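One structure is given below, encoded as structure tokens.
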Amino acid sequence: MNTHTLHVAPPSNALPHRNIEVSRYFHWKGPSGRFIAAALLVFFTPIILFLMVLVRLTSRGPAIYRQPRIGLRGKEFDILKLRTMTVDAEAESGAVWAQPNDPRVTGLGNYLRRLHLDELPQLVNVVRGNMALVGPRPERKVFVEQLKEELPSYLERLKVAPGVTGLAQVNLPPDLETEHVRNKLALDLEYIETASTSMDVRILGCTCLRLFGFTGYRAARLCGVGRTVNEFSSEEEPAEQAEIPRRAK
């Protein structure tokens with residue numbers, strides 16, 4: 001299946017600020033997304049409850065992890081996740097990037113992260129109106145403050161509600177450094193400008209395939225949302241992606 005190639009400009013410190021025109025699709029996608037999320041929540045609640053029990057049985061601490069994130073128009077909210085790290089994992093270090101084979105991640109947590117099952121409780125965030133099913137992933141305030149200085153258009157992502165999944169997430173591996181975030185930003189801005197019902201359905205379909213173990217490479221192309229941004233793309237196999245650090249969840 002054909003894929004789109006997105007050419008990213010030179011390094012971020014050479015990029016001017018770019019004003020994004022938000023797709024008209026966002027004017028009405030909110031209510032429909034909340035209805036769909038409510039229906040999905042009914043279906044996934046037994047699975048979430050089962051996984052919550054497993055989390056409690058396999059490690060000390062609460063099953064659900066709450067973390068402040070920055071959402072639409074810079075409003076802060078608590079994102080919900082199944083806990084995948086040990087309790088107080090960042091108590092001494094503060095907000096840091098996760099590392100390959102991170103000792104803070106539990107055995108069950110590794111499995112939940114690999115299949116993205118830890119994100120299922122965010123359906124509650126969508127029903128509450130904090131998030132959308134599809135959109136740019138919400139970030140922590142400490143990283144937003146850093147990235148808005150290094151990436152001039154970064155705050156344009158806040159013009160729409162953050163998503164449980166997104167065009168950048170189904171195409172690119174976890175971030176290693178700021179330039180990798182810049183690549184994801186390019187896809188986030190593309191989504192904000194061109195979002196449609198068709199694109200959302202395809203991104204959700206791709207996400208579902210990844211829940212069932214499909215690689216990002218195959219899932220994105222099967223669903224027609226494959227993108228290539230510089231050297232980072234969904235073509236990277238899971239074995240390679242597993243070696244790339246990402247921010248702690």
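Just so it is clear, the model here is predicted, and its values are computed rather than measured.
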All salt bridge (Lys or Arg N to Asp or Glu O under 4.0 Å) counterparts of Lys141, not counting sequence neighbours: none
Centroid-centroid under 6.0 Å between Phe26 and Tyr191 rings: yes
Contact check, side chains of Leu80 and Arg66, non-hydrogen atoms, under 4.5 Å: yes
Within-4.5 Å side-chain heavy-atom neighbours: Thr194 and Ser23: no
Under 3.5 Å side-chain donor-acceptor pair for Arg83 and Ser59: yes
pair Lys81-Ile64: side-chain heavy atoms closer than 4.5 Å: no
Asn183 side chain vs Leu172 backbone, donor-acceptor pair below 3.5 Å: no
Glu119/Arg137 salt bridge by N-O under 4.0 Å criterion: yes
4.5 Å side-chain heavy-atom contact, Met131 and Pro162: yes
Side chain proximity check, Arg227 to Leu167, heavy atoms < 4.5 angstrom: yes
Contacts of type salt bridge (Lys or Arg N to Asp or Glu O under 4.0 Å), residue Glu145, not counting sequence neighbours: Lys148
CA sep, side-chain torsions, deciding dist, call: Gln67, Tyr65, side chain to side chain donor-acceptor pair (under 3.5 Å): CA-CA 7 Å; Gln67 187 180 71; Tyr65 178 64; 3.2 Å; yes
Side-chain touch Leu133/Thr165, heavy atoms, less than 4.5 angstrom: no
Atom CZ of Phe214: over 12 foreign heavy atoms under 6.0 Å: no
Donor on one side chain, acceptor on other, Arg113 and Thr84, under 3.5 Å: yes
Shortest non-hydrogen contact between Cys223 and Leu209, atoms and distance: SG-CD1, 3.7 Å
Side chain to side chain, Lys184 and Gln169, heavy atoms closer than 4.5 Å: yes
Shortest non-hydrogen contact between Ala63 and Val55, atoms and distance: CA-CG1, 3.8 Å
Val170 vs Thr207 side-chain heavy atoms within contact, under 4.5 Å: yes
Electrostatic pair Glu150-Arg182, nearest N-O below 4.0 angstrom: no
Side-chain donor or acceptor of Ser196 paired with backbone N/O of Met199 under 3.5 Å: yes
Ile70 to Phe77 - nearest heavy-atom pair and separation: C-CE2, 4.1 Å
